[in-house]
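Just below is one structure, and these are the notes that go with it.
Excluded from the calculations below are hydrogen atoms, water molecules and symmetry mates; all remaining heavy atoms, backbone and side chain alike, are included.
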Amino acid sequence: MNGWTEELSRARLHVVTGKGGTGKTTVAAALALALATGGRRVLLVEVENRQGIAQLFDRAPLPYSEERIASAPGGGEVRALAVDPEAALLEYLDMFYNLGFAGRTLRKMGAIEFATTLAPGLRDVLLTGKVKECVRRAGRTGRHEYDAVVLDAPPTGRVVRFLDVTRAMADLAKVGPIKGQSDGVVKLLHSGDTAVHLVALLEEMPVRETLDAVAELDAADLRPGAVFVNRVRAPRLPARSVEAAAAGRVDTERLRTGLAAAGLEVDDEVLTGLVDQTVEHAIRVRMEEQAKGLLAEADLPTVELPELTDGVDVAALYELAEVLVGGGVR
């Protein structure tokens, strides 16, 4: 299955995860810009205390507030939020128990650390609870404040535990605000309003981890969204030549003749080096095709993003967003 779907366009919370090193934060940022294109308002959220969003957009570390970080084509806007668990707990205490001042006192006493140690799942409930509040928040007119929320989530190895911990907390808390909070988060994350996207590279380990994550998401009744295949490089050989070249069968004299026709005269040493590079490239192309075949087993929409040879900066994020929009993301 290829491309963005109408079903994904209806989602309001886009969770982005991936094996470490696949570029999930970059993809999350580009997705936020793509979703904001055309005049929409999008919130980009991170929860791992890495300040990855600020680094991508070349900004100072984000405070615990929703800051405008970018404009999108067509009058759209992207805001960003770095969720801090301690600040979220203080906000939670003030919202549900009117304990604003007492909460600050608790922080000084170290009670917040004690509480999250006593109930380890509480930290993730606070983080996902804040995300839920942003998704559901409405303005004075009753319209949602954000058209979409993009969450730069933990890596695939931890994402199901992070997203599904609210169900365990709901079992612990039978009544009261914590119960209501947990139930609200569970309802959102297990609904059609949420899609969990996976970022992969065309390499064996990221692909295997992506497939494992899809299986875990299915088992936890969490909806997998799209697979973003990141850093895709265009093959430089005709498809019919890949298998032969990968097996080391390169017509050296034909290569020499082709170079000469292009006005390039090379000695034997350079020619041997070019042949070696051709073989290496063909092997990589064949491995990437095999990786695509494995990813197809997930039967999910796939969106390819090109490799950025000059690195990732703000201009590159807009370039990737444009690719996503061209692929149907909206």
Open item on the list: Check this for me: does any side-chain nitrogen of one of Arg284 and Glu289 sit under 4.0 Å from a carboxylate oxygen of the other?
Closed with: no
Open item on the list: Within this structure, what is the CZ-CD1 distance for the pair Arg286 and Ile283, rounded to the nearest 0.5 Å?
Closed with: 6.5 Å
Task: Nearest-0.5 Å distance that lies between atom CD in Glu77 and atom CG in Leu43 - done: 10.0 Å
Open item on the list: Are Leu308 and Leu317 linked, directly or through intermediate hydrophobic residues, by side-chain heavy-atom contacts shorter than 4.5 Å (ILVMFWY only)?
Closed with: yes
TODO: Look at the side chain of Arg223 and the backbone N and O of Thr194, then say whether any donor-acceptor pair between them is shorter than 3.5 Å.
DONE: yes
Open item on the list: Leu198 vs Phe228, test: side chain to side chain contact (heavy atoms under 4.5 Å, CB included). Steps then yes/no.
Closed with: CA-CA 6 Å; Leu198 301 111; Phe228 289 93; over 6 Å; no
Task: Donor-acceptor contact present, side-chain Arg12 to main-chain Val135, <3.5 Å - done: yes
TODO: Check for a donor-acceptor pair, side chain of Glu46 on one end and backbone N or O of Val83 on the other, with a separation under 3.5 Å.
DONE: no
Open item on the list: Quick check: do Val47 and Asp152 have side-chain heavy atoms less than 4.5 Å from each other?
Closed with: no
TODO: Assess whether salt bridge (Lys or Arg N to Asp or Glu O under 4.0 Å) is satisfied between Glu7 and Arg10, documenting all intermediate values.
DONE: CA-CA 5 Å; Glu7 187 179 15; Arg10 290 192 291 270; 5.6 Å; no
Task: Full working for side chain to side chain contact (heavy atoms under 4.5 Å, CB included) between Tyr318 and Thr37 - done: CA-CA 10 Å; Tyr318 280 92; Thr37 297; over 6 Å; no
Open item on the list: For Glu145, is there an ion pair with Arg140 - N to carboxylate O distance below 4.0 angstrom?
Closed with: no
Task: His197 side-chain N/O to Ala226 backbone N/O, donor-acceptor pair under 3.5 Å - done: yes
Task: Within 6.0 angstrom of Asp58 CG, more than 12 heavy atoms from elsewhere - done: no
- [ ] Please check if atom CD in Glu322 has more than 12 non-hydrogen atoms from other residues, nucleotides or ligands closer than 6.0 Å.
- [x] no
- [ ] Determine, stepwise, if the pair Asp193 / Arg136 fulfils salt bridge (Lys or Arg N to Asp or Glu O under 4.0 Å).
- [x] CA-CA 10 Å; Asp193 283 340; Arg136 297 299 191 206; 3.0 Å; yes
Task: Whether over 12 other heavy atoms sit under 6.0 Å from Asp310 CG - done: no
- [ ] Given salt bridge (Lys or Arg N to Asp or Glu O under 4.0 Å), test Arg158 with Glu216 step by step and report yes or no.
- [x] CA-CA 10 Å; Arg158 295 193 291 113; Glu216 288 185 50; over 6 Å; no
Task: Straight-line distance of Asp268 CG to Arg256 CZ, nearest 0.5 Å - done: 5.0 Å
- [ ] Mark yes or no for whether Arg79, through its side chain, and Glu66, through its backbone, hold a donor-acceptor pair below 3.5 Å.
- [x] yes
Task: Donor-acceptor pair, side chain of Thr17 and main chain of Pro154, under 3.5 angstrom - done: yes
Open item on the list: For Glu288, is there an ion pair with Arg233 - N to carboxylate O distance below 4.0 angstrom?
Closed with: yes
TODO: Compute whether any side-chain donor of one residue and acceptor of the other, for Asn230 and Thr22, lie under 3.5 angstrom apart.
DONE: no
TODO: Spell out, yes or no, whether Val285 and Leu201 are grouped together once hydrophobic residues are joined by side-chain heavy atoms under 4.5 Å, including indirect joins.
DONE: no
Open item on the list: Under the criterion side chain to side chain contact (heavy atoms under 4.5 Å, CB included), I'd like the reasoning laid out for Val229 against Val303: C-alpha separation, chi angles, the key distance, then a yes or no.
Closed with: CA-CA 6 Å; Val229 185; Val303 180; over 6 Å; no
Task: Test: Glu203 and Arg208 ion pair at under 4.0 Å - done: no
- [ ] Ignoring hydrogens and angles, tell me if any N or O in the side chain of Thr128 forms a donor-acceptor pair with the backbone of Asp124 under 3.5 Å.
- [x] yes
- [ ] Enter the distance from Thr302:OG1 to Leu295:CG here, rounded to the nearest 0.5 Å.
- [x] 8.0 Å
Task: Distance-only donor-acceptor check, side chains Thr25 and Arg50, under 3.5 Å - done: yes
Task: Flag for Ser65-Glu67: side-chain donor and acceptor within less than 3.5 Å - done: yes
Task: Asp251 side, atom CG; Thr257 side, atom OG1 - distance, nearest 0.5 Å - done: 8.0 Å
Open item on the list: Distance check, rounded to the nearest 0.5 Å: Leu44 atom CG versus Cys134 atom SG?
Closed with: 11.5 Å
